[in-house]
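Remarks on the structure that follows.
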Amino acid sequence: MNAGATPEALSKARISLRESAIAFYTLWKREMVRYLKDPLDTIVPPILDVILFILIFGIALGVRLGEVGGFPYIQFMLPGLLMMSVIMNSFYNPAYSVFQSRWQGNIFDFLSSPLSYTQMATAIILAGVCRGLLVGGIVLAAALLLTDLPFAHPPLVIAELLLVAVAFAGFGCVVGLWTKGWDGVNAISLFLLDPLVMLGGVFYSPEMLEGVPPLEALTRWNPFTYLIGTFRYAVLGLELEGMSPWPGLALSALLAVGMLAWAIALFRRGYHLKS
Amino acid sequence: MNEVAIAFEGLTKTYTAKGKRVEAVKRLTLTIERGEFFGLLGPNGAGKTTTIGVIAGTVKPTAGSVRVFGLDAVRDYRKVHKLVGVMPQEEALDSWFLNVREILVYSAGYFGLAPREARRRADALLKRFDLWDKRKAEVKELSGGMKRRLMLAKALIHDPEILILDEPTAGADVALRRQLWALMRELNAQGKTILLTTHYLEEAEELCGRVAILDQGELVAVGPPEELTKRVGGDVVEIELDARPAALEAAKGLKALAAKVKAKAGTTLKDGKLVLPGTLEDPAVLETLSELARAGVKIRAIHAHRARLEDVFVELTRGLKA
Ligand SMILES: Nc1ncnc2c1ncn2[C@@H]1O[C@H](COP(=O)(O)OP(=O)(O)OP(=O)(O)O)[C@@H](O)[C@H]1O
Ligand SMILES: [Mg+2]
């Protein structure tokens with residue numbers, strides 16, 4: 001296959017499994033350190049946001065809202081908030097990091113290294129998943145100080161968290177490659193993710209909107225409703241009318257696999273990476 | 001037996017930007033042997049960085065191939081990258097949150113070096129390149145010269161077989177340039193194959209065993225600098241005559257001189273300046289001088305000019321554009 005390759009060079013060019021693993025680990029670590037170095041910029045704000053949501057909606061207004069599906073409003077809302085934190089944080093890390101590396105030029109370090117394109121994409125996405133789960137974990141810990149959650153189906157809780165984190169970290173990676181400026185990432189989050197999340201039943205169940213047909217339709221047609229619905233079922237054991245958890249789980253799995261494959265394919269093609 | 005380090009085979013790269021096609025590299029075929037100090041020369045936009053980019057993993061070739069020790073740079077990119085250290089033209093340091101030492105340690109990691117070994121190599125290079133005192137500094141605290149040295153250290157972190165340097169001395173002052181030259185020479189002496197791109201012909205003459213001249217994506221000459229210079233006519237002697245051409249024409253005995261001038265290829269007489277190929281020891285040159293004296297033509301100045309790579313460069317790259 002390598003006609004003309006000299007044996008000596010070939011032995012120096014060999015990449016052992018250990019070397020490959022170290023390279024992957026190094027890139028993952030870089031992506032982690034990038035945001036852990038400035039927790040005041042990256043970790044604290046989303047957590048403060050969520051805590052404000054909990055205090056205002058969950059506690060102050062929740063008292064007036066009473067129960068939803070047999071649960072106090074704060075308990076009903078928490079799985080939605082958790083999902084929102086995981087979605088946004090998994091997305092932001094790769095989106096900003098990939099764009100920043102392209103813009104700063106240090107993407108050259110990865111492109112000219114023995115890392116494979118698949119490794120580059122997966123290490124970056126894995127770090128995004130870790131950030132999503134880290135922030136989600138902190139939010140959960142904070143929430144558990146205020147209320148209890150039953151965790152009705154633990155394996156499903158874990159599966160749904162992981163799948164959603166992978167899906168949105170993968171999407172973030174794609175956006176980080178696609179965008180031509182910082183604005184692109186913000187635009188995607190502002191015009192696509194925020195509305196979909198907000199209209200995906202983080203704060204309400206679709207039935208609560210029955211008097212508002214356009215909003216109800218938006219919610220019923222919004223795929224995020226099913227992601228959040230499935231997670232809510234996993235945490236609370238609450239199955240809302242017409243919302244079996246399984247389509248949501250299937251959708252999460254599909255998105256996770258699809259986004260991961262998309263990001264890897266773009267890296268392999270050198271999309272916005274190579275000229 | 002000579003071992004081929006890099007083989008370009010019909011390498012072609014066409015960029016399409018905003019509907020316009022630019023043929024940056026045109027069917028480049030070139031072989032660089034192991035242990036060579038090879039210079040890639042060419043004016044701005046000649047295609048040097050593009051050529052290197054195919055090996056570095058930043059450019060997708062349109063046609064043709066590059067092999068590094070027989071390995072295809074596109075298909076076997078991972079292995080090729082392990083054998084090659086590239087210092088890019090533009091500063092591209094991962095400086096957002098990493099300090100000088102961390103930049104080297106992370107680079108080592110991408111090449112599969114375990115943390116302890118990565119730190120050991122980073123420290124050795126920091127000391128060797130006079131950056132030890134700056135190891136905890138941020139990149140923005142470094143001078144231009146320090147950044148260059150850091151970029152060179154980064155290219156060397158995995159102890160590559162081949163070192164590719166894209167205009168490493170551009171904008172460097174004399175002292176830094178000398179320092180970088182010494183480092184490059186030392187690395188070459190230790191057996192590293194070096195591919196250097198440069199605008200400084202003096203640099204290529206000084207360092208490179210062979211050079212290739214690219215112009216508008218085309219290879220226009222390859223060979224040792226001395227050989228290329230010879231090809232363009234070698235050394236010349238310039239004689240500034242103290243008279244206008246019109247006066248000269250009238251001067252007695254210039255007919256004979258003109259005949260001589262025509263007899264020797266490469267001799268020109270223009271604006272009162274007579275340019276002869278050869279050196280001052282050359283009998284033909286000496287004869288011409290005495291002939292001028294006999295004709296009563298006064299000589300204002302004589303410059304013996306050793307032909308340089310620059311002359312070749314100017315001749316070849318201008319020839320194509322005309
Ligand atoms: N990404 C790109 N898209 C479109 N055209 C490009 C791109 N990169 C380079 N070119 C064009 O290709 C040609 C060769 O550029 P290249 O950077 O390889 O030249 P160079 O020899 O390195 O020049 P310099 O000495 O200025 O660094 C130029 O005409 C340049 O404008
Ligand atoms: Mg260049």
Side-chain angles (χ1 to χ4, degrees), chain A residues 1-31 33-38 41-42 96-97 100-120 123 268-271 273-275, chain B residues 1 3-5 7 13 15 17 24 34 50 53-60 67-72 75-86 88 90-98 102-103 105-115 117-118 154-155 158-162 164:
Chain A
M1 189 177 109
N2 297 308
T6 50
E8 194 202 337
L10 279 182
S11 78
K12 284 198 175 165
R14 191 178 305 130
I15 301 160
S16 69
L17 205 60
R18 179 183 142 84
E19 285 170 324
S20 205
I22 291 173
F24 180 88
Y25 165 77
T26 308
L27 179 52
W28 171 80
K29 186 174 155 202
R30 181 211 177 260
E31 295 294 298
V33 171
R34 195 191 74 91
Y35 73 88
L36 289 177
K37 263 213 170 153
D38 282 316
D41 287 341
T42 52
Y96 280 128
S97 180
Q100 186 185 45
S101 291
R102 284 169 53 213
W103 175 77
Q104 187 176 247
N106 65 281
I107 197 90
F108 181 87
D109 291 358
F110 319 151
L111 292 178
S112 63
S113 79
L115 279 160
S116 74
Y117 300 122
T118 306
Q119 281 181 315
M120 291 178 212
R268 291 173 64 115
R269 241 175 63 198
Y271 173 75
L273 292 172
K274 296 187 180 212
S275 46
Chain B
M1 192 198 79
E3 208 178 323
V4 173
K13 175 63 188 180
Y15 292 111
R34 177 174 216 167
T50 302
V54 177
I55 304 176
T58 55
V59 173
K60 285 192 273 190
R67 289 178 170 273
V68 173
F69 288 110
L71 297 162
D72 186 273
R75 202 184 48 214
D76 290 320
Y77 65 101
R78 302 182 63 196
K79 288 180 176 171
V80 166
H81 291 166
K82 221 176 157 213
L83 295 170
V84 175
V86 184
E90 308 284 339
E91 180 204 316
L93 295 164
D94 196 355
S95 54
W96 183 256
F97 58 95
L98 298 178
E102 287 165 339
I103 285 175
V105 172
Y106 275 84
S107 281
Y110 302 142
F111 284 89
L113 293 163
E117 175 66 4
K154 196 155 82 61
H158 56 297
D159 192 26
E161 283 293 298
I162 301 173
I164 298 182

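Per chain, numbering begins at 1; letters A, B, ... match sequence-line order.
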Checklist entry - Would a 4.5 Å heavy-atom cut-off, applied to side chains only, mark B:Glu102 and A:Val33 as touching? => result no

Next on the checklist: Measuring only between side-chain heavy atoms, which start at C-beta, is A:Asp38 closer than 4.5 Å to B:Phe97?
Outcome noted: no

Checklist entry - If you count heavy-atom pairs under 4.5 Å with chain B, which of A:Lys274, A:Arg30, A:Lys37 comes out on top? => result A:Arg30

Item to check | Sidechain-backbone polar pair: B:Lys60 side chain, A:Arg269 backbone, donor-acceptor under 3.5 Å | outcome: yes

Checklist outcome for this item: dist B:Asp94:CG -> A:Arg34:CZ (nearest 0.5 Å) comes out at 10.0 Å

Next on the checklist: Measuring from atom OH of B:Tyr106 to atom OG of A:Ser113, what distance do you get when rounded to the nearest 0.5 angstrom?
Outcome noted: 15.0 Å

Checklist entry - Is the count of non-hydrogen atoms from other residues, nucleotides or ligands lying under 6.0 Å from A:Lys29 atom NZ greater than 12? => result no

Next on the checklist: Using heavy-atom distances under 4.5 Å, tell me whether B:Glu90 contacts chain A through its side chain, its backbone, both, or neither.
Outcome noted: neither

Next on the checklist: Could you tell me if the side chain of B:Arg78 sits less than 4.5 Å from the side chain of A:Ser20, heavy atoms only?
Outcome noted: yes

Next on the checklist: Please rank B:Ala118, B:Ser107, B:Ala114 by heavy-atom pairs under 4.5 Å with chain A and give me the top one.
Outcome noted: B:Ala114

Item to check | Residue B:Ser95 versus chain A: region with a heavy atom under 4.5 Å | outcome: both

Next on the checklist: Given heavy-atom pairs under 4.5 angstrom as the criterion, report whether the side chain, backbone, both or neither of A:Arg18 touches chain B.
Outcome noted: side chain

Checklist entry - So which part of B:Leu113 gets closer than 4.5 Å to some heavy atom of chain A, the side chain, the backbone, both or neither? => result backbone

Item to check | NE2-CG distance between B:His81 and A:Leu111, expressed to the nearest 0.5 angstrom | outcome: 8.0 Å

Checklist entry - Which residue out of A:Gly270, A:Ala23, A:Gly105 racks up the most heavy-atom pairs below 4.5 Å with chain B? => result A:Ala23

Checklist outcome for this item: Scanning both residues in full, the closest heavy-atom pair of B:Tyr77 with A:Ser116 reads OH-CA, 3.3 Å

Checklist outcome for this item: Of A:Ile107, A:Leu27, A:Leu273, the largest count of non-hydrogen pairs under 4.5 angstrom with chain B goes to A:Leu27

Item to check | Smallest separation among heavy atoms of B:Lys82 and A:Ile15, with atom names | outcome: CD-CG1, 3.7 Å

Item to check | Polar side-chain atom of A:Lys12 near backbone of B:Leu83 as donor-acceptor pair, under 3.5 Å | outcome: no

Checklist entry - What orientation do B:Tyr110 and A:Phe110 show, parallel under 30°, tilted 30 to 60°, or perpendicular over 60°? => result perpendicular

Checklist entry - Where is the tightest heavy-atom contact between A:Ala13 and B:Leu71, given as atom of each residue plus distance? => result CB-CD1, 3.8 Å

Checklist entry - Using non-hydrogen atoms only, which part of A:Tyr25 is less than 4.5 Å away from chain B: side chain, backbone, both, or neither? => result neither

